[in-house]
Amino acid sequence: MQVLQPLIDPTFSEHSHGFRPGRRARDAVLAAQQYVQDGYRIVVDVDLSKFFDRVNHDILMDRFKRRVSDAGVIRLIRAYLNAGIMDGGVVVERAEGTPQGGPLSPLLANVLLDEVDRELERRGHRFARYADDCNVYVRSRKAGERVMALLKRRYDKLHLKINESKSAASQAFGRKLSAAVVN
């Protein structure tokens with residue numbers, strides 16, 4: 001982590017605030033407030049369901065290899081992902097997901113989700129992402145529906161699922177900020 005973070009972090013989107021040096025939840029909240037003040041009053045609030053449990057190893061490793069070319073580091077990260085989980089004294093193999101609470105998991109999450117951030121940037125959207133929670137600010141309900149459809153397609157390609165009960169395109173006023181951002 002101490003070696004990889006300084007190499008990889010500067011390549012991430014400026015709209016990504018979670019688990020990054022010099023960034024915090026407050027920065028995401030301030031960005032969101034500015035978007036609303038600028039007239040972007042519909043928020044597409046997306047929460048990924050069981051994100052850290054569902055990360056596809058092959059997709060993540062493909063994205064990681066685009067940033068790091070050292071074969072030894074790549075093998076080490078793959079071993080980290082494939083390390084089993086101790087359950088009742090028995091090691092259970094892991095086919096997907098990253099170790100929650102593991103020191104590398106937040107960095108790897110940002111590696112995986114950065115391509116969605118870049119797509120939103122290419123399209124000129126105003127957004128703030130904190131870990132696996134993303135808020136995109138638009139001017140109309142119709143635009144919000146289009147952005148939600150775009151995010152569903154992008155996350156499907158990464159084999160990630162949107163938590164439908166926690167995600168919506170709605171008025172920014174009255175919408176609770178995600179617990180991750182508030183804490």
[Y] and [X] side chains, donor-acceptor separation under 3.5 Å:
X: N110; Y: R129; result: yes
X: Y40; Y: R126; result: yes
X: S105; Y: Y80; result: yes

Taking [X] for the side chain and [Y] for the main chain, is one N or O donor matched with an acceptor at less than 3.5 Å?
X: D27; Y: R24; value: yes
X: R141; Y: A169; value: yes
X: Y137; Y: A32; value: no
X: R23; Y: S16; value: yes

Check the pair I162 / D156 against side chain to side chain contact (heavy atoms under 4.5 Å, CB included), numbers first and verdict last. CA-CA 9 Å; I162 291 177; D156 279 348; over 6 Å; no

When you compare the side chain of [Y] with that of [X], does any pair of heavy atoms fall below 4.5 Å?
X: R20; Y: F12; value: yes
X: F173; Y: V36; value: yes
X: K65; Y: I74; value: yes
X: V44; Y: F127; value: no
X: H125; Y: H15; value: no
X: V136; Y: L151; value: yes
X: R146; Y: L150; value: no
X: M1; Y: P106; value: no

Go through the steps for I77 and L4 under the test side chain to side chain contact (heavy atoms under 4.5 Å, CB included), then give the verdict. CA-CA 11 Å; I77 297 301; L4 292 174; 4.0 Å; yes

Spatial distance of atom [atom1] ([X]) from atom [atom2] ([Y]) [nearest 0.5 Å]:
X: K50; Y: E96; atom1: NZ; atom2: CD; value: 10.5 Å
X: N82; Y: M61; atom1: CG; atom2: CE; value: 9.0 Å
X: Q34; Y: L30; atom1: CD; atom2: CG; value: 9.0 Å
X: C134; Y: L48; atom1: SG; atom2: CG; value: 8.5 Å
X: L112; Y: L107; atom1: CG; atom2: CG; value: 11.5 Å

What about Y130 and H17, are their ring centers closer than 6.0 Å? no

Query raised in the report: Does the pair S167 and M148 meet the rule for a side chain to side chain contact (heavy atoms under 4.5 Å, CB included), with working shown?
Result: CA-CA 9 Å; S167 302; M148 182 65 84; 4.3 Å; yes

Between [X] and [Y], is there shared hydrophobic-cluster membership here, with clusters defined by ILVMFWY side-chain heavy atoms closer than 4.5 Å?
X: V147; Y: L160; value: yes
X: Y35; Y: L120; value: no
X: V46; Y: L113; value: yes

The test is salt bridge (Lys or Arg N to Asp or Glu O under 4.0 Å); show your working for R153 and E119 and say whether it passes. CA-CA 11 Å; R153 287 191 309 271; E119 177 73 18; over 6 Å; no

How close do [X] and [Y] get, heavy atom to heavy atom, and via which atoms?
X: L158; Y: N56; value: O-CB, 4.3 Å
X: P6; Y: Q2; value: CD-O, 3.2 Å
X: A128; Y: A28; value: CB-O, 4.0 Å
X: V138; Y: G144; value: CG2-N, 3.5 Å

Q. Parallel under 30°, tilted from 30 to 60°, perpendicular over 60°: which one fits the rings of F19 and F52?
A. perpendicular

- request: Assess whether side chain to side chain contact (heavy atoms under 4.5 Å, CB included) is satisfied between L108 and L81, documenting all intermediate values.
  value: CA-CA 10 Å; L108 296 175; L81 292 173; 4.1 Å; yes

salt_bridge([X], [Y]) N-O dist < 4.0 Å:
X: D62; Y: R66; value: yes
X: D58; Y: R78; value: yes
X: R67; Y: D114; value: yes

Would you sort out whether R118 and E115 count as a salt bridge (Lys or Arg N to Asp or Glu O under 4.0 Å), showing the intermediate values? CA-CA 5 Å; R118 297 302 180 177; E115 84 177 47; over 6 Å; no

